[in-house]
J.: 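Please read through the structure below; I'll follow up with questions.
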Amino acid sequence: MFSATRRRVWAALAAAVVAVLLSAAPAPAHGFTSTVYADLTSPEAGHVRTELRLEYDLLVVSAADYEKNDALFQAGNSAFEDGDTARQAAALDAHADSVVAYVADRFGVTAEGETCAPVQDGDFTIERREGVPYAVLDLDYRCPGAADAHEVRSGLFPDSEGYVRDTKTIVTYDLDLTTGSTALDAEHASFSTQQSWAERFWEFFRLGAEHLLTGLDHILFLLALIVGSRRPREIVLAATTFTLAHSVTFLLAALGLVRVPASLVEPVIALSIAVVAGWHLLRIGQRRSHASDLETDGHGHGHGPGRLGLDRAGWIRLAVVFCFGLVHGLGFASALGIDQAWSWTLLWSLLVFNVGIEAVQLAIIAVVFPVLALLRHRQPVAGLWVTGAIAAGVSAMGLVWFVQRVL
């Protein structure tokens, strides 16, 4: 047992951890971000056909503000609030010059340094992605002569407009005898069809890593796994189970076999945080200073079957983690817009994106778990205070998010 002074120090540290965690509770887990989808093909020399999908309400307010077109805002916002897709498309068609001017200024194609001029091809259409309306705009970029390489840039919905932050443009292309995909953002606003395999790999690896780092809900779920793991093998098995589970739903989403609305996925993700963190709190309440001990059969023997060395509580926890991991996988997939039929290009992007997620996940485990394990070994009571405080803060945030997302 350690001294009263040490107890007060650890109590203060635990309280600080909870305060830091709870201070972020009112904010959305991923912030206000947007994703643009661009599909580029070349039907003939000198032409690049681009199919853009842009969040409807964001496109309306951004284009109206850019062009000082209040009529576009009034018509587009009214149609959006009424959920009338026919009126939404009509509003964009009526002010197509303003909308196309906004998009053309921020999304461009060049052929070996020469600017390609965009011409709208057909009217606007509206489709739903992740439960929100997206405007579909077809542009025919007419380039000066044939080219061996094209460069694409995107600065759509920049942070400076103040409506969203961190807009990603997911690009798939079939140009210059090359197919591929890439991700553009403020820091990496352009790419060339001649970019190397390593460059394309890095773009989606970075996107996956950033998605986990900026997705506070996924980080807190991982933190809940760490504080509730009693042995190194438990966190390894929990992380592996989580990875396998969300990889399954990644693949099913890429195959177009699973489509679950965000209105269901997001609340369940929040609930998973509260449940997994609450699991550790329940053990502390039931077993006190023995919360980190394996369950025994009354004769000092653990219940762990075989070489895995898990007791009954450990196996139940793995089952819970697997079920919730399936839901988190749907959340990861939505970041790439994986809600369409099979595509090798998108599947490759998804797998690299997943590698980025796993790299960050392993890095967090490698840093946090040894510290907590050392604390539990040297100061068991302090370890109980700290892990309990972290679990309480994480669980509280999960419950707050769950209520926010349901309502």
J.: Measure the shortest side-chain to side-chain distance between I269 and W401 over non-hydrogen atoms and say whether it is less than 4.5 angstrom.
T.: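 They are not in contact (no side-chain heavy atoms under 4.5 Å apart), so the answer is no.
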J.: Between Q74 and G76, is there a donor-acceptor pair closer than 3.5 Å when you use the side chain of the first and the backbone of the second?
T.: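 Not at all, since once roles are kept as given, no pair shorter than 3.5 Å links the two residues.
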J.: To the closest 0.5 Å, what do you measure between OH (Y141) and SG (C116)?
T.: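 Between atom OH of Y141 and atom SG of C116 there are 9.0 Å.
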J.: For the pair S395 (side chain) and A274 (backbone), establish whether a donor and an acceptor sit closer than 3.5 Å, ignoring hydrogens and angles.
T.: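 Yes, the answer is positive, given that a donor and an acceptor are paired below the 3.5 Å cut-off.
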J.: Measure the shortest side-chain to side-chain distance between D185 and H188 over non-hydrogen atoms and say whether it is less than 4.5 angstrom.
T.: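 Yes, at least one pair of side-chain atoms sits under 4.5 Å.
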J.: Got a second to check how far L58's CG is from F80's CZ, nearest 0.5 Å?
T.: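 Here the interatomic distance stands at 10.0 Å.
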J.: Dump the intermediate steps for side-chain contact (heavy atoms from CB on, under 4.5 Å) on Y66 and D105, then the final yes or no.
T.: CA-CA 10 Å; Y66 177 75; D105 186 61; 3.3 Å; yes
J.: Just how far is it from atom NE2 of H150 to atom OH of Y173, taken to the nearest 0.5 Å?
T.: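 Between H150 NE2 and Y173 OH, I get 12.5 Å after rounding to 0.5 Å.
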J.: Working note: D65 + K68, criterion side-chain contact (heavy atoms from CB on, under 4.5 Å); need CA distance, chi angles, decisive distance, verdict.
T.: CA-CA 5 Å; D65 185 43; K68 309 302 180 187; 4.1 Å; yes
J.: Measuring from F221:CZ to I273:CD1, what's the distance to the nearest 0.5 Å?
T.: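 It is 8.0 Å, given to the nearest 0.5 Å.
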J.: Where the side chain of R317 meets the backbone of L225, is there a donor-acceptor pair that is under 3.5 Å apart?
T.: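 Yes; at least one donor-acceptor contact below 3.5 Å.
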J.: Take R153 and L184, measure what side-chain contact (heavy atoms from CB on, under 4.5 Å) needs, and give me the verdict at the end.
T.: CA-CA 8 Å; R153 64 169 180 84; L184 304 179; 5.9 Å; no
J.: Looking at every non-hydrogen atom in both residues, tell me the closest pair between S42 and H47 and how far apart they are.
T.: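 Looking at all heavy atoms of both residues, the shortest contact is OG-O, 3.0 Å.
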J.: With a 4.5 Å cut-off on side-chain heavy atoms, are R376 and T387 touching?
T.: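 Heavy-atom side-chain distance check passes, below 4.5 Å.
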J.: Got a second to check how far E51's CD is from T41's OG1, nearest 0.5 Å?
T.: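 So the gap between those two atoms works out to 8.5 Å.
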J.: Are any non-hydrogen side-chain atoms of V132 and Y134 less than 4.5 angstrom apart?
T.: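 Heavy-atom side-chain distance check passes, below 4.5 Å.
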J.: Could you tell me if the side chain of L59 sits less than 4.5 Å from the side chain of F157, heavy atoms only?
T.: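 SC-SC contact between F157 and L59 confirmed.
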J.: Atom OG1 of T241 and atom CZ of F322: how far apart are they, to the nearest 0.5 Å?
T.: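 The distance works out to 8.0 Å.
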J.: So does H246 get a backbone contact from the side chain of T249, meaning a donor-acceptor N/O pair under 3.5 Å?
T.: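 Pair found, side chain donor or acceptor close to backbone of H246.
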J.: Give me the atom names and distance for the closest heavy-atom approach of Y56 to A79.
T.: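 What the structure gives for the nearest pair is OH-CB, 4.1 Å.
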J.: So L139 and F107, do their side chains get closer than 4.5 Å, heavy atoms only?
T.: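 No; the side chains remain at least 4.5 Å from each other.
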J.: Any side-chain heavy atom of L92 within less than 4.5 Å of one from V60?
T.: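 Heavy-atom side-chain distance check passes, below 4.5 Å.
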J.: What pairs of residues pass the salt bridge (charged side-chain N to carboxylate O under 4.0 Å, His left out) test when at least one of them lies in residues 114-123, not counting sequence neighbours?
T.: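 Pairs touching residues 114-123 that pass the test: R49-D121.
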J.: Within the 3.5 Å criterion, strictly below it, is a donor on D84 or Q88 matched to an acceptor on the partner's side chain?
T.: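 There is no such pair between these side chains.
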J.: Over all heavy atoms of both residues, which pair between V36 and L52 is shortest? Give the atoms and the distance, please.
T.: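 So the minimum-distance heavy-atom pair works out to CG1-CD2, 4.4 Å.
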J.: Show the nearest heavy-atom pair for residues P370 and I365, with the distance to one decimal.
T.: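 Answer, listing the atom of P370 first, then I365: CD-O, 3.4 Å.
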J.: Provide the closest heavy-atom pair for P118 versus A104 in the form atom of the first, atom of the second, distance.
T.: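 In terms of heavy atoms, the two residues are closest at CG-CB, 3.8 Å.
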J.: Can you classify the ring geometry of F201 versus F205 as parallel (below 30°), tilted (30 to 60°) or perpendicular (above 60°)?
T.: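 F201 and F205: parallel rings.
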J.: Indicate the atoms forming the closest heavy-atom contact of V236 with T240, along with that distance.
T.: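 For V236 versus T240, the nearest heavy atoms are O-OG1, 2.7 Å.
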J.: Is there side-chain contact between W202 and V352, with at least one heavy-atom pair below 4.5 Å?
T.: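 Answer no - side chains too far apart.
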J.: Do V103 and V100 pass the side-chain contact (heavy atoms from CB on, under 4.5 Å) test, and can you show the C-alpha distance, the side-chain angles, and the key distance before you say yes or no?
T.: CA-CA 5 Å; V103 173; V100 173; 5.7 Å; no
